[in-house]
Amino acid sequence: MGVPPLEIEQYDPRSPRRPMPQWSDEQFVIEDRPGGPADSMGTAFAVDRDGAWLTAEHVTHGCTRIGLENGAFARPVSRVIESREGDASLVADALTSSAALPLSDRMPAPGSTGYHMGFPADVPTLVQSVLIGAANARRGRTEDSQPVLAWAEEARIPAGEGTLSGISGGPTFAEDGHVVGVNSAATDRRGRILTTAPDAVMRLALASRVVDDRPVAYPFQGLADAQRRFVAWLDQGVIRRIFCDVDEPAGG
């Protein structure tokens with residue numbers, strides 16, 4: 001049985017973007033991968049039990065094939081919707097899930113705690129941070145900037161100071177238990193984590209017409225509670241690795 005062809009759609013909202021309050025004065029440039037798209041791994045999380053998953057747009061962009069972790073294998077996916085206003089992609093036809101994570105388009109207050117989950121260096125990792133505020137980020141040499149939330153890392157489980165590459169695409173939670181962003185980039189030297197703007201993620205989910213679940217959000221009771229839930233979501237398969245394969249150019 002052949003692998004279904006990968007269909008990439010783009011969501012580009014025509015309405016003006018709503019400005020976010022409490023802007024940080026920090027500006028960020030996210031460096032593109034040298035040499036262009038390459039085989040890589042990121043994180044994805046279920047937002048509808050019928051098979052809708054969110055990840056980062058830079059995780060899916062330029063891929064020839066995309067697969068979602070399914071035990072020791074990767075389940076091929078055939079339909080991905082990439083946002084043009086934020087670093088977010090929605091996988092619309094993937095594995096079903098026993099649970100889904102609740103989304104919110106409401107920006108948390110600066111100074112509040114966030115929890116980031118994913119697989120940096122292929123290791124399940126939980127990062128606790130504090131929100132600095134909204135900022136602008138520009139990817140590579142492009143002139144277009146995107147609104148992001150900038151967070152300052154405070155704690156990490158397991159402890160370490162290595163790169164957070166691979167956490168891209170994972171969920172970022174506010175203290176009230178809602179997902180308020182997708183992990184987009186980390187600046188190891190400055191200890192910052194950048195996530196997509198929550199309203200951009202919500203617009204992508206609504207535009208996809210495949211996110212119908214409205215799961216209940218339960219506030220976090222600190223880092224230990226966040227770790228317990230992260231382990232449970234990993235066991236349930238609500239948060240998984242996502243893989244990108246890129247064909248080499250002809251003659252390469």
TODO: Would you confirm whether Asp245, through its side chain, and Arg65, through its main-chain N or O, come within 3.5 Å as a donor-acceptor pair?
DONE: no

- [ ] Indicate whether the side chain of Ser78 and that of Asp93 have a donor and an acceptor atom separated by less than 3.5 Å.
- [x] yes

Open item on the list: Pair Leu234, Phe119 - check side chain to side chain contact (heavy atoms under 4.5 Å, CB included), show working.
Closed with: CA-CA 11 Å; Leu234 291 174; Phe119 298 92; 3.5 Å; yes

Task: Check against side chain to side chain donor-acceptor pair (under 3.5 Å), Thr60 and Glu82 - done: CA-CA 8 Å; Thr60 65; Glu82 296 181 342; 2.9 Å; yes

Open item on the list: Test your reading of the model: is there a side-chain donor-acceptor pair from Asp87 to the backbone of Ala56, 3.5 Å cut-off?
Closed with: no

Open item on the list: Check this for me, if you would: do Glu85 and Arg203 make a salt bridge, where the nitrogen-to-carboxylate-oxygen distance has to be below 4.0 angstrom?
Closed with: yes

- [ ] Could you verify whether a donor N or O on one side chain and an acceptor N or O on the other, from Asp50 and Thr96, lie under 3.5 Å apart?
- [x] no

Open item on the list: Which label fits Phe173 and Trp233: parallel for a plane angle under 30°, tilted from 30 to 60°, or perpendicular past 60°?
Closed with: parallel

TODO: May I ask you to decide whether Arg106 forms a salt bridge with Asp176, counting only side-chain N to carboxylate O separations under 4.0 Å?
DONE: no

Open item on the list: Between His116 and Trp151, is there a side-chain heavy-atom distance shorter than 4.5 Å?
Closed with: yes

Open item on the list: Using a 6.0 Å distance limit plus a 45 degree cone around the ring axis, check whether Arg240 lies over the aromatic ring of Phe45.
Closed with: no

- [ ] For the residue pair Ser184 and His58, confirm or rule out a side-chain donor-acceptor distance under 3.5 Å.
- [x] no

Task: Carboxylate-amine/guanidinium contact Arg241 Glu69, below 4.0 Å - done: yes

